Number of protein chains: 2
Amino acid sequence: MSNKIVEIHESVIETMGRISSFWGFSKIMGQLYGLLYLSSKPLTLQEMAESLSISKGNVSINIRNLLRWNMVKRVWVKGDRKDYYEAETDFWKIIRGVLREREKKEFSQALSSIGKLRQQTKELKRISKTADIAFTEERLKNLEEFIANMDKMVSVFITLEDLKKNFWDLTKKA
Amino acid sequence: MSNKIVEIHESVIETMGRISSFWGFSKIMGQLYGLLYLSSKPLTLQEMAESLSISKGNVSINIRNLLRWNMVKRVWVKGDRKDYYEAETDFWKIIRGVLREREKKEFSQALSSIGKLRQQTKELKRISKTADIAFTEERLKNLEEFIANMDKMVSVFITLEDLKKNFWDLTKKA
DNA sequence: TTAATCGTTTAGAACAATCTAAATATATAA
DNA sequence: TTATATATTTAGATTGTTCTAAACGATTAA
């Protein structure tokens, strides 16, 4: 590969690293993904470690996280016992997966926490009608409604994207 | 305040801290916001530091960040030289602000980085037509299109929320 | 002006995350 | 089975973040 194209690859990898840490993943995860995304053939742990000048162990744990988020796939190369990896290139599929597992989980957790606490406050209000209990209940009500709405928005997004995907798959088959 | 309601407040504050660090803000920021959100009157630095058992300096820098994101407001209490703070309770307004400043900035930065690199790759392709240059160009094209779409989605969201807000303001005035 | 009361900054401590190199575990081929 | 190639785990080093206590600076009241 020409010098210039190698430079371009490195810049893309750097950018991916920045994006990755911005979204709360590790920098290395983004860089590994960028490396694989720009590679026309699957790569081994060893190759990735050398390309990014990091240890094999570091690649190992970060690749495992990428696998967990379905951002890379492990592929088989016949006659070679090394593991090979390639990038998942369908970004919408990645987003759907991340929203489903990460955001969804966080929203429902927050929703149930706040819901429970609001319930406790309501019960308290039945017993004693003080100003601060009423105030707390009002605030928790608004908070719970907001989180429920965010939760719904994410669900709608996932559903829409799923529909789009299924429709696309159908048109391809037909 | 009763013992029970204090316990509830503490749980909400804890939950807010968790949400905050999940979204890439500091835990203390979330806790401070929670404290103010549940307070029926504005609080001083001193009061917040005592409530959360953290240093005044720590409150100072975290409150400054909350102000930066328009998540809290500084309010004046006549005849008192202390600064008082209260929570911004309009969550959609907060989201709009954060998207506008944080996400927007990140998207346009990524978009311009990748755009430039894609342009360089295109120029390279005019000179020499190797397989890896063509491959790189194809990948960068897809990546750029994806980021542009995300950017558009965020813009649409902000615009819609702004419209909703303006409409609401109008109906209130009428 | 001086004393008192705040808010902010800073130096260093405490803590947490990330990385490497080496050890260990696992899988394949001879 | 044994030897070899590979992946994963781990202990400790490194780095980065966040916190506190104290110093500093600014503002107000006397």
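Model, not experiment: these values are computed from the prediction. Lettering follows sequence order; numbering is per chain, from 1.
In this structure, the salt bridge (Lys or Arg N to Asp or Glu O under 4.0 Å) partners of A:Glu88, at least two apart in sequence or on a different chain, are A:Lys73, A:Lys93. When the salt bridge (Lys or Arg N to Asp or Glu O under 4.0 Å) test is applied to A:Glu161, the partners found at least two apart in sequence or on another chain are A:Lys164.
Contacts between residues 74-84 of chain A and DNA chain D, defined by a heavy-atom separation under 4.0 Å, are made by A:Arg81, A:Lys82, A:Asp83. Applying a 4.0 Å cut-off to non-hydrogen atoms, the residues of residues 22-60 of chain B that approach DNA chain D are B:Ile28, B:Ser53, B:Ile54, B:Ser55, B:Asn58, listed by residue number.
A residue-by-residue look at A:Asn62 and B:Tyr85 shows that B:Tyr85 has its nearest nucleotide of DNA chain C further toward the 5' end.
Screening residues 101-115 of chain A for salt bridge (charged side-chain N to carboxylate O under 4.0 Å, His left out), with sequence neighbours left out, gives A:Lys104-A:Asp151. Evaluation of the side-chain hydrogen bond (donor to acceptor under 3.5 Å, both in side chains) test over residues 5-19 of chain B, restricted to residues two or more places apart or in two chains, returns A:Thr136-B:His9. Legend: side-chain hydrogen bond (donor to acceptor under 3.5 Å, both in side chains) pairs involving residues 29-49 of chain A, not counting sequence neighbours, sorted by first then second residue: A:Thr44-A:Glu47, A:Gln46-A:Glu50.
Separation of atoms CD1 (B:Ile28) and CD1 (B:Ile61) is listed at 9.0 Å; rounding is to 0.5 Å.
Grouping Ile, Leu, Val, Met, Phe, Trp and Tyr residues whose side-chain heavy atoms lie under 4.5 Å apart, directly or via other members, places B:Val77 in a hydrophobic cluster with B:Val75, B:Tyr84.
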For residues 124-135 of chain A, which side-chain donor-acceptor pairs fall under 3.5 Å, sequence neighbours excluded?
{"unit_1": "A:Thr130", "atom_1": "OG1", "unit_2": "A:Ile133", "atom_2": "N", "d": "3.4"}

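In this structure, CD1 of B:Ile61 is placed 7 Å from P of D:dC19, rounded to the nearest angstrom.
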